[in-house]
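Numbered from 1 within each chain, the chains take letters A, B, ... in sequence-line order.
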Amino acid sequence: MIHENVVCPFCGCLCDDIVVTTEDNQITDVKNACAISKSKFLNHHVNMLESALVDGKEVSMDEAVDRATEILSSADNPLIYGLSSTECEAQRHAIHLAELLGATIDQTASVCHGPTILGTQDAGCVKCTLGEVKNRADLIIYWGCNPAEAHIRHFRRYSVFPEGLFRKGRNEREVVVVDVRATASARIATTFVKTEPGTDFENISLMRAYLKGKRDSLPDELRDLVEKMKTCTFGIIFFGLGLTMSKGKHLNVDAALRLVRDLNEFTKFSITPMRGHYNVTGAGSTMAWVTGYPFSVNFALGYPLSNPGEFSAVDVLARKECDAALIIASDPAANFPAEAWKHLADIPTIVMDPKVSLTTRIAKVSIPVATAGIEAEGTAYRMDGIPLRLKKIVQTSRPSDAAVLTKMIEKVRA
Amino acid sequence: MIIRNGTVHDPANNINGEKMDIFVEKGKIVDESDLKDTREIDASGLLVMPGGVEIHTHIAGSKVNIARIMRPEDHRKDVVKKTQYRRSGTGYTVPTTFTIGYRYAEMGYTTVWEAATPPLGARHSHEELMDIPLVDKGIFTLMGSNYFVLKYTEEGEFEKLKNFVAWLLYATRGYAVKIVNPGGVENWKWGKNVNSLDDTVQNFNVTPREILKNLARAADELHLPHSIHIHCNNLGSPGNYAITKETIEMLAPYRRHITHIQFNSYAGEDWATFTSGGSDIAAVLNKSKNVTCDVGQVIFGDATTMTADGPWQHTLFKLSGNKWANSDVEMETGAGIVPYKFKKKNVVNAIQWSIGLEVLLLTKDPYKVFLTTDHPNAGPFYFYPHVMELLMSKKKREEMIEKVHPLVKERSALSSIDREYTLSDIAVVTRAGTAQALGMTAKGHLGAGADADISIYNFDEENIQKSFQKAAYTIKDGVIVVKDGNVVADYMGRTYILDVKADLSEEEKRIFSKYYTVQLANYPVEDAYLPRKEVVTCA
């Protein structure tokens, strides 16, 4: 069976032109996809969490959900974390569950583009959809990101190479890569600007001062870059963790957002974060429309309160403030600082995941779920905020994240 | 259900303050002879009206949610606790979805329309609507700078344009054609704008005048229940009442609704000479047919401005110095968001405040002018009761005028207006009139066959604002969802869509696949986002 227009549930590009072939409910071929996407589809059945587990012992799904709900209900200060690699319906239920439990809920933006959100809360954000870039941009800047290896089809679908309404191809676009080293992405750039690590805030601030006529001189490379930005017809900055997670964090992003604001006095200029997980944008969206805040929210008072640093998962764990945790579609044991994940191992942790992960290995309860976008449908938001419908292309007896969370909500309310 | 002995204001059925009973059976208003459910609400001494029908608000979708994300400072001061029937949430100017549903219902509103959805983000708007409980709802689809609309207007291909409009309403599950700063939003994609009805849109040899006329004709020929819904060019700028007047006049005889007309009723030449054009606009409304408007009444205090009018939002960013979000959408539209505070002692803000009231009071036929705050652009929707009080009481207006910038007395006719709204006038500008303009035949009245959407108030003419703030009862489809101002039921309303159906041509499909970044097959909003849909026939 051939499934067309499948939405890829891997990165924030959310490519929706994937053609997947299934035979006997197995994925046998994947077309149009990048190497990572292809691997995700073809290997989705590998390393599966085969059964529900409590204390490492196989149990029925119902028993696992019962146990999970007991743990969460009896906890004083539970934490719910993850969300960015599942569908919006599951995210909405997870927020509801957090509300009922008086829990803290956080999503993975907390450890990647959280500073982008903080920058936006301070300065706003002048952005556009990826098609605007394809159709209009004559200057494309990738700053502190490496799409050649992380968002593989970004160049081809959205920015550098495609034919757009007013830009016919690569030769009508100037591409600049700004980074601390010449990455694979730098190879496609017209100009590569190498910066010293930890100098983004300083560099961008200097560029802003120059742009506003408050500074006469700049290092040549930065001056040339500002002049390009000022004189292009439609410019865009795409930025990644090089900006958000290096020294300065949200201050770097804030400065970049303000630079783009300033540039709109001269020309048309936008800026868009290169979001990582395919539905991390959706996680921010659902949390915002249900609670008002896109991440790091606590319900202990019966209403939502947000404070990154206080209610962010890493901090809650490192301070050992939570006494139970529900991890949904994420693997914090693999990527959180040791003091944070060690606390996860010390408290009863529940994991909902299709696969075995480091976190399932330290979990008290593991609940195998359908893989969103392959075995379960739902909504996901692309890095530029465009919502698309994930498809179910493989049948499974495993419930979706949304279904498991619905059950937990019913049990908590009962 | 019998609502016994209430004082009923149902102006659409010429009932203006009569003591009578209302009968409800299976979610509909019925004649007494068809009643089986004999539970009673004693409405003696209470005011009974059809449920409120909101014609223009921003409650769901990408720009609203960008505003929520951008404004944590807005939420902290206005928190909503969970209860047995109610989800928690936050306000203030950009409330969370659940809170929006509750606050409308608490005020006695039962139908609300999200006024500006970018087609590519329609799925998002509908997904948020799924989390707005209690009220019926739907979306208007942005079309004023859509590529295909511009292309067919330029080429003079009206039938193709009409087909495309139908398809886009189908694909987005939209209810009406929304037009924002026609042509200007496309020009903003190059950092520019249009300033008159005859300016040319860059790369398209078309003018705002042509875009408006074509879409107005298409909406009429498709028999859409609501007219085109226009946010005029030059919004926010001194002297813009002239383009509003011209827009209303040149679109005759087509139906047209001018939205948040307060923002487009300014006289004067610059900010220093800023004056109300409200009287002139009311005069145009009084002599024109087939035209309706809503006012976008200014509420002093915090607002969050959000509109597809990207160039105006850039101007407002520069004027205010506040943070600024912009969000352009490929092939279709754009958006801008800027927090704003309306201040009583700011001369421009004070005159803006007076204009909405002027237009509401000087337009003779209440079926032509409706109460909105263009939530949250001119202020939050839950301040409607405050505006109702000002409309009903000259004394309250005089008290307010004394508190605002003194130049209002010279630059606005407001202080000279004696008219006081009756309760039936209020019922028209918040219910009967909006429902009629929207073509919602089962809303806005209490005749047999109408939806049993009813609001009941404990009305005290010395405390008008308080009376309308919290309904004694709000009844939705015959279900009591609010009692004594509190949400008492977990209920989900319906999403209204149209029965339009059209296909794209092969040429349109080719253009789509080339210049959009999503597959055409993934573009139309699926039924999964319409758990309770109500399909309206266009006839």
Side-chain angles (χ1 to χ4, degrees), chain A residues 4-5 7 16-17 88 92 96 99-100 117 120-136 157-158 162-166 233-234 261 264 266-270 284-286 288-294 299 301-306 377 379 381-382 385-389, chain B residues 60 62 64-66 68-76 79-82 87-91 94-98 120-121 123-124 127-128 130-131 147 188-191 203 314 317-318 322-331 334 337-338 514-522 526 528-529:
Chain A
E4 291 185 330
N5 307 309
V7 177
D16 71 333
D17 61 341
C88 292
R92 286 160 61 210
H96 191 185
E99 178 187 280
L100 291 168
I117 295 167
T120 301
Q121 290 177 338
D122 189 47
C125 181
V126 181
K127 69 185 193 73
C128 63
T129 67
L130 296 170
E132 280 292 280
V133 178
K134 168 169 105 164
N135 287 333
R136 296 172 201 264
R157 271 173 70 81
Y158 304 127
E163 181 187 338
L165 202 51
F166 304 108
T233 312
F234 186 117
R261 267 176 23 175
N264 277 280
F266 300 91
T267 185
K268 182 74 180 179
F269 223 100
S270 295
S285 267
T286 50
W289 84 60
V290 179
T291 75
Y293 310 104
F299 283 103
L301 297 174
Y303 57 82
L305 204 55
S306 171
E377 55 181 1
T379 321
Y381 286 65
R382 201 165 75 178
I386 291 178
L388 289 164
R389 184 91 185 145
Chain B
S62 58
V64 185
N65 220 28
I66 291 169
R68 292 190 189 104
I69 291 170
M70 191 167 102
R71 297 209 68 187
E73 77 281 6
D74 184 71
H75 317 321
R76 191 66 181 252
V79 296
V80 179
K81 274 195 173 184
K82 66 174 175 184
R87 296 284 302 274
S88 69
T90 53
V94 274
T96 51
T97 49
F98 289 93
L120 199 48
R123 195 175 277 102
H124 180 170
E127 207 181 11
E128 285 196 29
M130 289 164 69
D131 277 347
Y147 171 83
W188 175 241
K189 294 179 171 190
W190 301 115
N203 297 309
H314 181 237
F317 153 64
K318 290 201 288 181
N322 295 335
K323 51 192 171 184
W324 168 45
N326 183 80
S327 178
D328 291 335
V329 181
E330 66 210 55
M331 306 293 281
I337 300 139
V338 180
K514 213 162 179 179
Y515 302 128
Y516 271 91
T517 54
V518 301
Q519 300 292 100
L520 179 58
N522 288 326
E526 297 83 357
Y529 299 93

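At distances below 3.5 Å, at least one donor-acceptor pair connects side-chain atoms of B:Thr90 with backbone N or O atoms of A:Thr291.
Residues forming a side chain to side chain donor-acceptor pair (under 3.5 Å) with B:Trp188 (at least two apart in sequence, or on another chain): B:Asn326. Shown here are the salt bridge (Lys or Arg N to Asp or Glu O under 4.0 Å) partners of B:Lys189, two or more places apart in sequence or in another chain: A:Glu132.
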Between A:Arg92 and B:Met130, does a side-chain contact (heavy atoms from CB on, under 4.5 Å) hold up when you go through it step by step? CA-CA 11 Å; A:Arg92 286 160 61 210; B:Met130 289 164 69; 3.8 Å; yes
Kindly determine whether A:Trp289 and B:His124 satisfy side-chain contact (heavy atoms from CB on, under 4.5 Å), including the steps that lead there. CA-CA 11 Å; A:Trp289 84 60; B:His124 180 170; 3.8 Å; yes
Begin with the C-alpha distance, continue with both residues' side-chain angles, and end with the deciding distance and a verdict on side-chain contact (heavy atoms from CB on, under 4.5 Å) for B:Lys514 and A:Glu163. CA-CA 7 Å; B:Lys514 213 162 179 179; A:Glu163 181 187 338; 3.1 Å; yes
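B:Asn522 CG to A:Asn5 CG: the interatomic distance, rounded to the nearest 0.5 Å, is 5.0 Å. Taking OG of B:Ser88 as the reference point, atom NE2 of A:His96 lies at 8.5 Å (rounded to 0.5 Å). Here the NZ atom belonging to B:Lys318 is positioned 9.5 Å from the CG atom belonging to A:Asn264, to the nearest 0.5 angstrom. A distance of 14.5 Å separates OH in B:Tyr516 from CG in A:Leu130, rounded to the nearest 0.5 Å.
In this structure, the portions of B:Ser327 lying under 4.5 Å from any heavy atom of chain A include both its backbone and its side chain. Interface residue A:Phe299: only side-chain heavy atoms are found under 4.5 Å from chain B. Proximity to chain A (any heavy atom under 4.5 Å) is restricted, for B:Asn203, to the side chain, taken from C-beta onward. Heavy atoms of A:Tyr381 lying under 4.5 Å from chain B belong exclusively to its side chain. For A:Leu100, the part lying under 4.5 angstrom from a heavy atom of chain B is the backbone only. Heavy-atom distances place both the backbone and the side chain of B:Val329 under 4.5 Å from chain A. Using a 4.5 Å cut-off between heavy atoms, B:Glu127 touches chain A through backbone and side chain atoms alike. With a 4.5 Å cut-off on non-hydrogen atoms, A:Leu388 touches chain B through its backbone and its side chain both.
The shortest side-chain heavy-atom distance between B:Val518 and A:Arg382 falls under the 4.5 Å cut-off. Considering only heavy atoms from C-beta on, A:Glu99 comes within 4.5 Å of B:Lys82 through its side chain. Two residues are said to be in side-chain contact when any heavy atoms from C-beta on lie closer than 4.5 Å; A:Lys127 and B:Ile66 meet this criterion.
Taking the charged nitrogens against the carboxylate oxygens, B:Asp328 and A:Arg136 have no contact shorter than 4.0 Å, which rules out a salt bridge. Salt-bridge formation is not detected for the pair B:Lys323/A:Asp122: no Lys NZ or Arg NE/NH1/NH2 atom is positioned less than 4.0 Å from an Asp or Glu carboxylate oxygen. At a threshold of 4.0 Å, the pair B:Glu330-A:Lys134 does not count as salt-bridged, since none of the basic side-chain nitrogens sits closer than that to a carboxylate oxygen.
The greatest number of non-hydrogen atom pairs below 4.5 Å with chain A, out of B:Tyr529, B:Phe98, B:Tyr147, B:Tyr515, is found for B:Tyr515. Considering only heavy-atom pairs separated by less than 4.5 Å from chain B, the leading option among A:Val126, A:Asp16, A:Thr267 is A:Asp16. Ranking A:Thr379, A:Val7, A:Thr286, A:Val133 against chain B, the residue ahead of the rest is A:Thr379, based on heavy-atom pairs under 4.5 Å. Interface summary for chain B: among A:Cys88, A:Cys125, A:Pro294, A:Gly284, the most heavy-atom pairs under 4.5 angstrom belong to A:Cys125. By number of non-hydrogen pairs under 4.5 angstrom with chain B, the leading residue of A:Pro387, A:Cys128, A:Ser285 is A:Pro387. Looking only at heavy-atom pairs under 4.5 Å with chain B, the residue among A:Val290, A:Leu301, A:Thr120 that has the most is A:Val290. Of the listed residues (A:Pro162, A:Ser306, A:Ser270, A:Gly164), the greatest number of heavy-atom pairs within a distance under 4.5 Å of chain B belongs to A:Gly164.
Side-chain atoms of A:Tyr293 and B:Arg68 form no donor-acceptor pair, as typed in the model, at a separation below 3.5 Å.
Using cut-offs of 30° and 60° for the angle between ring planes, the A:Phe166 and B:Trp190 rings count as perpendicular.
Across all their heavy atoms, B:Ala528 and A:Arg389 have their closest contact at CB-NH2, 3.7 Å. When every heavy atom of B:Thr517 is checked against every heavy atom of A:Arg157, the shortest pair comes out as O-NH2, 3.0 Å. The two residues A:Ala288 and B:Thr96 make their nearest non-hydrogen contact at O-CG2, 4.0 Å.
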